[in-house]
Amino acid sequence: VKKGGIAFGTIPEIAAELTKLVKEISEVPVYVKLSPNVTDIVEIAKAIEAAGADGLTMINTILGMRIDVKTAEPVLANRTGGLSGPAIKPIAIRMIYEVSQAVSIPIIGMGGIRSAEDVIEFFYAGASAVAIGTANFIDPFVCPNIIAELPPLLDKLGIDHISECTGRSWKKGERSVYYRT
C-alpha cells in the first residue's frame with residue numbers, strides 16, 4: 001500500500017472485480033474478508049455479494065499507530081499497523097449488524113471474541129459463524145473452553161440451536177430471549 005497504492009478492499013468496484021476473478025478460478029467457496037477501514041462497509045459488502053462471493057468474514061484489523069514518547073518516533077517500523085482484540089469488538093458488532101441486514105450470504109464474525117457470551121453477541125448481530133484470533137495468544141484453550149460453555153449458555157437463554165441466534169437482534173418477532181431458571 002506504500003507509494004500511492006490503495007488497499008483493494010476499500011473501493012466497491014475493485015473489491016467486486018477481484019471477487020469475480022477469484023470466483024472464476026476457485027474450486028472452493030470464496031469468503032471475502034472485509035476491512036473496517038472504509039467509509040461504507042455495507043456498500044462494499046453488497047458489491048462483493050453481487051460479484052459472487054459465497055460469504056464474508058468481518059472484520060479485519062483497524063488501522064492504528066503508536067508513538068514512542070521518548071523518541072517521538074512511531075513504534076512500528078511501518079508506522080501503522082493492525083489493531084485487533086477486545087478493543088475492536090464494538091466496531092465489529094456494529095459492522096456485522098449493518099452488513100447482515102443488507103446481504104444474504106453468510107458472515108463469519110471476528111474481532112475481540114473471548115467468551116461464549118461474545119459468540120452469542122456476534123450471532124445476534126448477524127454472524128452465522130465466528131473465528132477467534134487474538135484471544136488464543138492469551139489462552140490457548142479459549143476455543144475448547146468456549147465450545148464447552150456454549151450449550152449451557154444457549155440452554156439458559158432458551159435457545160435450542162446456535163443458528164437461531166443469527167440476526168436475532170434485528171429480526172422481527174425473535175427478540176424475546178429469556179434466562180431459564
Side-chain angles (χ1 to χ4, degrees), residues 1 4-65 80-136 143 146 150 159 161-175 177:
V1 182
I6 59 162
F8 57 80
T10 62
I11 299 173
E13 298 79 14
I14 294 173
E17 182 61 25
L18 285 172
T19 301
K20 183 180 174 197
L21 291 171
V22 171
K23 280 294 291 181
E24 288 174 2
I25 61 170
S26 178
E27 296 178 11
V28 297
V30 174
Y31 276 65
V32 178
K33 191 169 194 177
L34 300 185
S35 170
N37 302 304
V38 296
T39 303
D40 187 352
I41 198 164
V42 172
E43 181 183 1
I44 294 166
K46 288 164 81 173
I48 289 168
E49 179 183 41
D54 297 291
L56 303 169
T57 65
M58 49 187 306
I59 61 173
N60 205 342
T61 58
I62 295 179
L63 198 56
M65 182 177 188
T80 62
L83 174 66
S84 62
I88 71 167
K89 181 182 159 203
I91 299 163
I93 295 289
R94 190 240 332 147
M95 290 185 161
I96 291 166
Y97 180 87
E98 292 173 352
V99 168
S100 67
Q101 294 177 72
V103 301
S104 59
I105 54 178
I107 297 171
I108 300 173
M110 58 195 69
I113 298 170
R114 298 180 295 173
S115 68
E117 289 82 2
D118 291 341
V119 170
I120 298 295
E121 191 174 357
F122 272 76
F123 271 77
Y124 281 174
S128 50
V130 295
I132 300 170
T134 304
N136 286 292
C143 290
I146 289 172
L150 269 171
I159 298 167
H161 193 274
I162 188 76
S163 62
E164 296 171 34
C165 296
T166 300
R168 199 168 199 165
S169 67
W170 54 264
K171 289 180 179 176
K172 305 232 185 306
E174 298 178 30
R175 294 180 118 187
V177 176

Shortest non-hydrogen contact between [X] and [Y], atoms and distance:
X    : Y    : result
P12  : A47  : O-CB, 3.7 Å
G9   : I44  : O-CD1, 3.5 Å
G109 : A127 : N-CB, 3.9 Å
A131 : I108 : N-CG2, 3.9 Å
N136 : C143 : OD1-SG, 3.8 Å

Do the non-hydrogen side-chain atoms of [X] and [Y] ever get within less than 4.5 Å of each other?
X    : Y    : answer
I132 : R114 : no
V32  : L18  : no
I41  : M58  : yes
F122 : I107 : no
I105 : L56  : yes
I14  : E17  : no
I59  : M110 : no
I113 : K89  : no

Output the distance between atom [atom1] ([X]) and atom [atom2] ([Y]), rounded to the nearest 0.5 Å.
X    : Y   : atom1 : atom2 : result
S169 : I96 : OG    : CD1   : 10.5 Å
I48  : D54 : CD1   : CG    : 12.5 Å
E43  : E13 : CD    : CD    : 6.5 Å
E98  : D40 : CD    : CG    : 8.0 Å
T10  : N37 : OG1   : CG    : 9.0 Å
L63  : T80 : CG    : OG1   : 4.0 Å

Report the C-alpha distance between T61 and S84 in whole Å, list the side-chain angles of each, state the deciding distance to 0.1 Å, and finish with yes or no for side-chain hydrogen bond (donor to acceptor under 3.5 Å, both in side chains).
CA-CA 5 Å; T61 58; S84 62; over 6 Å; no
Taking [Y]'s backbone N and O only, do any of them form a donor-acceptor pair with [X]'s side chain (distance below 3.5 Å, no angle check)?
X    : Y    : value
S128 : P106 : no
W170 : A125 : yes
N60  : L34  : no
S26  : V22  : no
T166 : G126 : no
E49  : S104 : yes

Check the pair I120 / I162 against side-chain contact (heavy atoms from CB on, under 4.5 Å), numbers first and verdict last.
CA-CA 8 Å; I120 298 295; I162 188 76; 3.7 Å; yes
With a 6.0 Å cut-off (strictly less than), is the heavy-atom count around NZ of K23, excluding the residue itself, greater than 12?
yes
